[in-house]
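Below you'll find the structure, written out as structure tokens, and then a few comments.
First the proteins, then the strands, lettered A, B, ... as listed; each starts at 1.
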2 protein chains.
Amino acid sequence: MKYDTRKDQIIQTSAILFQKKGFSAVTMRDIAKAMGIKAASLYNHIKSKQEILSEIIISLAEQFTEQMKIIKNSNDSSIDKLKQIVALHVNITSKNQFEMSSLNSDWMHLEAELEYYLKLRKNYENDFRSIIEKGIQDNELINGNPEVMLFSMLSTLRSLYIWLPKKEDLDIGKFTTELSLVLINGINK
Amino acid sequence: MKYDTRKDQIIQTSAILFQKKGFSAVTMRDIAKAMGIKAASLYNHIKSKQEILSEIIISLAEQFTEQMKIIKNSNDSSIDKLKQIVALHVNITSKNQFEMSSLNSDWMHLEAELEYYLKLRKNYENDFRSIIEKGIQDNELINGNPEVMLFSMLSTLRSLYIWLPKKEDLDIGKFTTELSLVLINGINK
DNA sequence: AACTAAAACTAACAAGTGTTAGTTTAATAT
DNA sequence: ATATTAAACTAACACTTGTTAGTTTTAGTT
């Protein structure tokens with residue numbers, strides 16, 4: 001099993017609740033109740049509600065940043081890099097379903113680390129865009145609007161947390177392949 | 001200009017605030033302040049905070065339902081129907097940027113009308129899926145996983161409210177064409 | 001000028017908010 | 001058995017929440 005501190009359990013429980021109602025609508029008493037303790041007891045393990053949110057979001061954002069760096073610096077073709085980005089999103093999302101919901105919906109409630117998060121996100125998008133632009137230059141991709149391509153792919157990848165859980169016994173590898181196909185080659189015959 | 005009742009102004013102002021922080025984090029005092037009045041005064045025009053949310057979301061959901069009905073019942077090819085769905089989303093989103101944010105992020109805070117909203121959404125997705133399945137049968141679309149195709153298109157279309165505002169002087173028609181191209185034909189050369 | 005109706009106001013409510021202080025219990029190490 | 005520490009508890013705080021009641025102001029009509 002995992003090495004699970006009590007703090008980790010609080011964060012995990014919080015993420016589940018955050019997905020259902022969003023950060024603002026979840027109270028410390030809600031979180032405590034879900035763990036079978038009183039709200040005040042939470043503070044033996046965490047500093048604040050804000051810290052819970054921050055741990056969830058920043059940890060995920062840094063994972064994406066780290067993996068993007070590897071993809072970016074590889075010598076693969078642009079198409080292959082895009083496929084690796086798809087796989088990256090599917091993998092992280094399948095392992096962090098609830099947390100991904102906060103990453104997508106609750107980031108604006110970050111306080112101290114909001115700026116840092118926005119920086120990571122902007123850098124990620126820039127790296128993504130560069131890969132697309134390189135693909136166009138190298139004649140791998142159609143000569144279309146890179147902004148629209150980025151938007152389309154990233155929107156889909158960021159919504160994975162909504163759809164992945166609906167497919168119970170999902171073959172992650174197969175799904176990744178199918179999704180890459182649709183995102184890159186479209187659906188037209 | 002528009003026929004704008006005071007109630008409409010409240011709803012519009014609320015939608016702007018809801019986009020920034022989400023329904024739960026916006027207080028009646030926030031809304032009042034943005035309108036230059038006191039919170040209690042809002043209740044001369046609306047019944048509750050819940051009513052504001054409901055007006056925003058149900059009105060939009062019904063617009064989508066209504067238009068989907070027209071597309072569904074037309075005699076156009078599946079590809080053309082899909083293009084019309086893309087146009088539908090771009091049009092409604094470009095005219096209701098803030099409201100679309102609530103539709104996507106705050107629907108779970110609906111109370112009395114939650115069930116009704118979920119029904120509308122489910123029906124919409126089913127109609128969308130049927131069009132894709134028909135396209136596969138008729139050999140218009142690749143013989144892929146229709147669920148993945150639906151997911152990919154719908155995720156992108158539902159995220160439009162995040163991206164459209166970033167492009168200030170956007171040619172809506174051109175954007176619709178570009179987006180349809182990417183969603184249907186992909187980005188591969 | 002007097003009347004009316006819409007829309008603002010002040011004041012307050014009961015309930016809920018995140019968080020702190022101080023205390024007790026449970027589990028572990030000596 | 002005793003001391004120690006982690007983790008729970010109770011009680012309370014200062015503040016914010018949506019909302020109501022009752023009143024005053026504003027603007028348009030007779």
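The interatomic distance linking B:Lys38 (NZ) with D:dA21 (C1') rounds to 17 Å, in whole Å. Between B:Leu53 atom CG and D:dG18 atom P the separation is 13 Å, expressed in whole Å. Distance, A:Asn44 CG to C:dT20 P: 12 Å, rounded to whole Å.
Listed pair A:Lys49 / C:dG18 meets the phosphate criterion, a side-chain N or O lying under 4.0 Å from OP1 or OP2. Using a 4.0 Å cut-off, no side-chain N or O of B:Ser41 falls inside it from OP1 or OP2 of C:dA7. In this structure, B:Arg29 does not reach the D:dT19 phosphate: none of its side-chain N or O atoms is under 4.0 Å from OP1 or OP2. In terms of phosphate contacts, B:His45 brings no side-chain nitrogen or oxygen within less than 4.0 Å of OP1 or OP2 of C:dA6.
Annotation: side chain of A:Lys122 is not in contact with side chain of A:Glu125 (no heavy-atom distance under 4.5 Å). Side chains of B:Leu154 and B:Tyr124 form a contact here, defined as non-hydrogen atoms less than 4.5 Å apart.
For the pair A:Arg6 and B:Ala25, both in contact range of DNA chain D, the more 5′-proximal nearest nucleotide belongs to A:Arg6. Comparing A:Lys47 and A:Asp30 against DNA chain C, the residue whose closest nucleotide sits nearer the 5' end is A:Asp30.
Using a 4.0 Å cut-off between a side-chain N of Lys or Arg and a carboxylate O of Asp or Glu, A:Glu55 and A:Lys47 do not qualify as a salt bridge.
Closest contact between the side chain of A:Tyr43 and the listed nucleotides C:dT20, D:dC9, C:dC9 involves C:dT20.
Ring orientation note: the planes of A:Trp163 and B:Phe151 are tilted relative to one another, at an angle of 30° to 60°.
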